[in-house]
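Quick notes on the structure that follows.
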Amino acid sequence: MKKDIHIPIVENVFLAAVQEWSDDFMEKVWYVYLVNDSDFDLDSVMVVSKAFGTVDGEMKQTSFLRHAFTQIPKVSVAKIEMIEKSVLRLNNEFMVTYFIGNTLYDKKFIFKAQSISPDYVEEVPILFVDGVIVR
């Protein structure tokens, strides 16, 4: 039975945390982008995020945030959400689900605690700015 189930592999779709200036906060803040570096449009995209981890010996978890996009065109990006400073010390998890044609794809992306930092940046494809990438 299990051998009959085909689980497609997510390729060329990833997340990037990019630091940008915010006029609202009057400082640089981190934004998470969904990057579609594939040759296919992503349809009915759903992203569910949360942060979790241990702070001062106590388990912490944020509420779930949900984002939906009708379509993310091939070789493009979509801004998902801002990550507030206080949750950078937690694991930030993003569950991404989408369709290519009639095939459902999903993958869990995790920015490990303290990994969203200028120390771990590299150039993000398509955006051509420095950011932290999880694949």
Practice task
Test Val134 against Ile110 for side-chain contact (heavy atoms from CB on, under 4.5 Å), laying out the working first.
Solution key: CA-CA 7 Å; Val134 290; Ile110 298 178; over 6 Å; no
Practice task
Would you sort out whether Lys112 and Gln114 count as a side-chain contact (heavy atoms from CB on, under 4.5 Å), showing the intermediate values?
Solution key: CA-CA 6 Å; Lys112 298 287 186 187; Gln114 305 293 346; over 6 Å; no
Problem - Worked check of side-chain contact (heavy atoms from CB on, under 4.5 Å) between Phe94 and Leu34 - result: CA-CA 10 Å; Phe94 293 81; Leu34 176 62; over 6 Å; no
Handout entry: Residue pair Met59, Phe52: steps toward the side-chain contact (heavy atoms from CB on, under 4.5 Å) verdict
Key = CA-CA 7 Å; Met59 185 64 180; Phe52 63 93; 4.3 Å; yes
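Not a single donor-acceptor pair under 3.5 Å links the side chain of Ser44 to the backbone N or O of Phe99. Using a distance-only test at 3.5 Å, with no hydrogens or angles considered, a donor-acceptor pair links the side chain of Asn91 to the main chain of Ala113. Although no hydrogens or angles enter the test, the distance criterion places a donor-acceptor pair under 3.5 Å between the side chain of Asn36 and the main chain of Ile72. Of the possible polar contacts, none joining the Asp37 side chain to the Ile126 backbone as a donor-acceptor pair under 3.5 Å is found. A donor-acceptor pair is defined here as one N or O able to donate and one able to accept, closer than 3.5 Å; such a pair exists between the side chain of Asn92 and the backbone of Leu90.
For Lys79, the NZ atom sits in a packed shell: over 12 heavy atoms of surrounding residues, nucleotides or ligands are nearer than 6.0 Å.
The two residues Phe69 and Ala78 have their closest heavy-atom pair at CE2-CB, 4.1 Å. Residue Ile133 comes nearest to Pro125 through the heavy atom pair CD1-CD, 4.0 Å, listed as atom of the first residue, atom of the second, then distance. Of all heavy-atom pairs between Met95 and Asp106, the closest is CE-OD2, 3.4 Å. Scanning all heavy atoms of the two residues, the minimum distance from Pro8 to Thr103 falls at CG-CG2, 3.7 Å. When all heavy atoms of Val132 and Ser117 are compared, the pair lying nearest together is CG2-O, 3.7 Å. Looking at every heavy atom in both residues, Lys74 comes nearest to Asp41 through N-OD1, 2.8 Å.
Both Ile116 and Val55 are part of a single hydrophobic cluster, where members link through side-chain heavy atoms under 4.5 Å apart. No continuous path of hydrophobic side-chain contacts links Leu42 to Met46 [ILVMFWY only; heavy atoms under 4.5 Å]. Hydrophobic clustering (ILVMFWY, side-chain heavy atoms < 4.5 Å, transitive): Val10 and Val48 are in distinct clusters. Cluster annotation: Phe25 and Tyr31 are assigned to the same hydrophobic cluster (Ile/Leu/Val/Met/Phe/Trp/Tyr, side-chain heavy-atom contacts under 4.5 Å, transitive).
The aromatic rings of Tyr98 and Tyr105 sit parallel, their planes meeting at an angle under 30°, below the 60° perpendicular limit.
Taking CD from Glu93 and CG from Leu15, the interatomic distance works out to 11.0 Å, rounded to the nearest 0.5 Å. With rounding to the nearest 0.5 angstrom, the CZ atom of Arg66 is 11.0 Å from the NZ atom of Lys50. Note that the CG atom of Asp43 and the CG atom of Leu104 stand 11.5 Å from one another [nearest 0.5 Å].
Within the 4.5 Å cutoff, the side chain of Phe40 has no heavy atoms near those of the Asn12 side chain. Contact check for Val96 versus Lys107: no side-chain heavy atoms found under the 4.5 Å cut-off.
Residues forming a side-chain contact (heavy atoms from CB on, under 4.5 Å) with Leu127 (at least two apart in sequence, or on another chain): Val18, Tyr33, Val77, Val124, Val129.
Met26 belongs to a hydrophobic cluster whose other members, connected by ILVMFWY side-chain contacts under 4.5 Å either directly or through intermediates, are Trp21.
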